[in-house]
Amino acid sequence: MNHLITIAAEAIYRSQLTLALTGAGISVESGIPDFRSAGGLWAKYDPSEYATIQAFRQNPEKIWDMLRDMDRLIVDARPNPAHLGMGEMEKIGFLHYIITQNVDNLHQAGGAGKVIEYHGNSSTLSCLWCGKRYGAEEKRSEHIPRCACGKVLKPDVVFFGEAIPSGALDHSFQLASSAEALLIVGTSAAVSPANTIPSIAKSRGAILIEINMERTHLTSSVTDIFIEGKAGETIPALVGELKRMKGIISA
Ligand code: NAD
């Protein structure tokens with residue numbers, strides 16, 4: 001693995017525009033399960049039943065059972081060494097944007113400033129019916145949050161069947177089209193259209209570095225460098241190697 005970390009660091013060192021695409025796997029070590037984690041939240045709530053916009057429109061009270069449980073995990077979660085490492089990579093000039101599919105704020109808490117939230121953010125709420133927006137404080141009551149119009153509020157996360165926020169979609173496409181290196185961390189790349197970002201970047205000549213605990217469909221198709229392991233271990237090793245190359249710390 002050390003050899004692959006060095007090769008990946010060299011590609012990032014040379015790149016003038018480096019992006020990261022992250023998924024639920026990067027937050028697993030912070031205690032938020034991904035869709036693949038055995039047991040836990042997603043054994044109780046099947047995402048195909050609970051995470052669709054149709055389900056929310058039909059029975060928002062039922063979907064709030066899942067949202068409340070997810071919120072409890074997010075409120076308690078702290079950035080892990082992978083989030084912190086990416087924040088550091090941005091500070092030392094080797095990571096220019098993070099496109100995250102996560103809704104948990106952990107990249108920002110880990111020190112990253114340039115984060116595109118492809119699937120929105122769970123801390124604010126909106127009314128699907130009248131469009132009014134609300135801040136995080138609406139979530140604190142024990143009751144299901146309701147709009148002044150009486151309808152149940154929805155967190156500003158993208159459910160299956162909803163459109164990606166147009167700013168995030170366009171900006172990600174532009175960046176993917178001109179990136180020289182793309183770091184893909186903790187995603188199964190099963191969710192569309194986020195999973196088109198690697199092939200867009202690849203078709204424009206970017207080097208693709210994938211970090212995951214297991215192979216994905218990207219690994220044998222578009223990935224150039226596959227680093228198998230936990231994000232919380234491999235990202236700090238990558239940052240260490242970049243610092244060594246930059247001469248910030250002596251080897
Ligand atoms: P996914 O659950 O489909 O896949 C997660 C991937 O991460 C898997 O390939 C797994 O092998 C890998 N992984 C797990 N632990 C890892 C670790 N410690 N280090 C490196 N890799 C690890 O996740 P996805 O591709 O992001 O798609 C799920 C969707 O659900 C996304 O749209 C996301 O928005 C949403 N989601 C978000 C959160 C969150 O905000 N934290 C949590 C669950 C789901």
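Note that ligands are numbered from 1 as they come in the structure, with each ligand's atoms numbered from 1 the same way. Since this is a predicted model, take the numbers as computed values, not measurements.
Residues Leu208 and Ile98 are members of separate hydrophobic clusters, defined by side-chain heavy-atom contacts under 4.5 angstrom among Ile, Leu, Val, Met, Phe, Trp and Tyr.
Between the CG atom in Leu183 and the OG1 atom in Thr18 there is a gap of 8.5 Å [rounded to 0.5 Å].
Taking the six-membered ring where tryptophan is involved, the planes of Phe35 and Phe160 are tilted, since the angle between them lies from 30° to 60°.
A donor-acceptor contact under 3.5 angstrom links the side chains of His83 and Ser27, judged on distance only. A donor atom on one side chain and an acceptor atom on the other are found under 3.5 Å apart for Thr216 and Glu210.
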Find all protein N or O atoms under 3.5 angstrom from an N or O atom of ligand 1 and list the pairs with distances, or write 'none'.
residue: ligand 1; atom: 2 (O); partner: Phe35; partner atom: N; Å: 2.7
residue: ligand 1; atom: 3 (O); partner: Ser188; partner atom: OG; Å: 2.6
residue: ligand 1; atom: 4 (O); partner: Ser188; partner atom: N; Å: 3.4
residue: ligand 1; atom: 7 (O); partner: Gly186; partner atom: O; Å: 3.2
residue: ligand 1; atom: 9 (O); partner: Asn212; partner atom: OD1; Å: 3.4
residue: ligand 1; atom: 9 (O); partner: Asn212; partner atom: ND2; Å: 2.9
residue: ligand 1; atom: 11 (O); partner: Asn212; partner atom: OD1; Å: 2.7
residue: ligand 1; atom: 18 (N); partner: Glu29; partner atom: OE2; Å: 2.7
residue: ligand 1; atom: 19 (N); partner: Ala231; partner atom: N; Å: 2.9
residue: ligand 1; atom: 25 (O); partner: Thr187; partner atom: OG1; Å: 2.6
residue: ligand 1; atom: 25 (O); partner: Ser188; partner atom: N; Å: 3.0
residue: ligand 1; atom: 25 (O); partner: Ser188; partner atom: OG; Å: 3.4
residue: ligand 1; atom: 26 (O); partner: Ala24; partner atom: N; Å: 2.8
residue: ligand 1; atom: 32 (O); partner: His119; partner atom: ND1; Å: 2.8
residue: ligand 1; atom: 34 (O); partner: Gln101; partner atom: O; Å: 2.2
residue: ligand 1; atom: 34 (O); partner: His119; partner atom: ND1; Å: 3.1
residue: ligand 1; atom: 40 (O); partner: Val103; partner atom: N; Å: 2.8
residue: ligand 1; atom: 41 (N); partner: Asp104; partner atom: OD2; Å: 2.8

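For His119 and Phe159, the gap between ring centers reaches or exceeds 6.0 Å.
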